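Atoms within a ligand are numbered from 1 in the order they appear, just like the ligands themselves. Model, not experiment: these values are computed from the prediction.
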Amino acid sequence: MFKKFVSIFLIAILCCSFLAACGGGGNNNQNQGQDEARSYLVGTDTTFAPFEFEDENGNHTGIDIVLLETIGEEMGFEIEWSILGFSAAVTALEAEQVEAVMAGMSITEERKLKYDFTDSYYDAAVAVAVKAGSEYTSLEDLRGKPVVAKNATTGAQYAEEVAAEYELDIIYVDESAIMYQYVESDLAEACFEDYPIVQYEIGRGTISLEVVNQSSYSFPTALAVLKGNSPELIADFNEGLAKLKANGEYRRILDSFFNPQK
Ligand code: GLN
């Protein structure tokens, strides 16, 4: 009795899968392009907490990641991330290997010639940080010293602007985490980084640096696409961001990273 029941059950399952396979195939062909969610390949940075970083479970998360995915849910598109580092993400955008960059990217006049930016979702000024407890308190104190900056960033641009005046010797690296290591291990006397980023690491005790100069070199931050390439992504981002600001979700996302409930 039991055996008979099992075989009927198995035959039923087989029939169902067969029908599902046939039906499913037909449907897919019919609805192709309609059912499939729009998806964008987006380049991002590696160690740029709290905007993007690897959490204790090995997931790449952060304000940029959660914000863009939430905007996607609101507006009906999906995101595939390409974790490249800042300079590599911008290079990939220019080579059209990614469709956008979401990496705490500053809107500058120079960049606006090449990229279209969304509305800004954050402002950040470049800060100068030194090893905690060091005797440096200003750029003047750093005269003639080696400093470290991250390739192709506004931090590097600021370092280059003040380098002539203070005779700074700039070392370039590709990752924020490496930049901090240079300062901690005395390979450089100071680093140039967006204030919210370096202050966040200092606050959570992952680096022993201190900020000596919070410059007026400040920019709004936004998502970028290659000029003229994805107007619909720009429009959707702006509409989604406005919605998330209006319904409190934007604030909640920022707070979940800047002031997590312990
Ligand atoms: N905001 C800076 C810039 O756009 C740094 C971005 C980053 O390092 N991810 O240049």
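Tyr136 and Glu189 form a side-chain donor-acceptor contact under 3.5 Å, judged by distance and modelled atom types alone. One side chain, Ser176 or Lys150, offers a donor N or O that lies under 3.5 Å from an acceptor on the other. Defined by atom type and a distance below 3.5 Å, a donor-acceptor pair is missing between the side-chain atoms of Thr70 and Glu249.
Contact between Ala124 and ligand 1 is absent, with no heavy atom of the residue lying under 4.0 Å from the ligand.
Less than 4.0 angstrom separates some heavy atom of Phe86 from each of these atoms of ligand 1: 3 (C), 4 (O), 6 (C), 7 (C), 8 (O), 9 (N), 10 (O). Those atoms of ligand 1 with a heavy atom of Phe48 less than 4.0 angstrom away are 5 (C), 6 (C), 7 (C), 8 (O), 9 (N). Taking a cut-off of under 4.0 Å to the non-hydrogen atoms of Ala103, the atoms of ligand 1 that pass are 6 (C), 7 (C), 9 (N). Numbered from 1 in the order shown, with element, the atoms of ligand 1 that lie under 4.0 Å from a heavy atom of Met105 read 4 (O).
The option from Gln157, Glu193, Lys150 that lies nearest to atom 8 (O) of ligand 1, judged by heavy atoms, is Lys150.
The shortest N or O to N or O distance between Thr153 and ligand 1 is not below 3.5 Å. Every N/O-N/O distance between Glu52 and ligand 1 stays at or above 3.5 Å.
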Apply side chain to side chain donor-acceptor pair (under 3.5 Å) to Thr47 and Glu175, showing your working. CA-CA 7 Å; Thr47 54; Glu175 267 195 56; 3.2 Å; yes
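A search for salt bridge (charged side-chain N to carboxylate O under 4.0 Å, His left out) contacts involving Asp119 returns nothing, not counting sequence neighbours. Residues satisfying the salt bridge (charged side-chain N to carboxylate O under 4.0 Å, His left out) test with Asp116, not counting sequence neighbours, are Lys227.
Of all protein heavy atoms, the one closest to atom 5 (C) of ligand 1 is Asp194 OD2, 3.6 Å.
Panel note: side chain Ser230, backbone Glu232; no donor-acceptor pair is recorded below 3.5 Å.
For Thr154, heavy-atom contacts with ligand 1 shorter than 4.0 Å involve the backbone as well as the side chain. By the criterion of a heavy-atom distance under 4.0 Å, the side chain of Arg111, and not its backbone, is placed next to ligand 1.
Two rings, from Phe77 and Tyr40, have their centers less than 6.0 Å apart.
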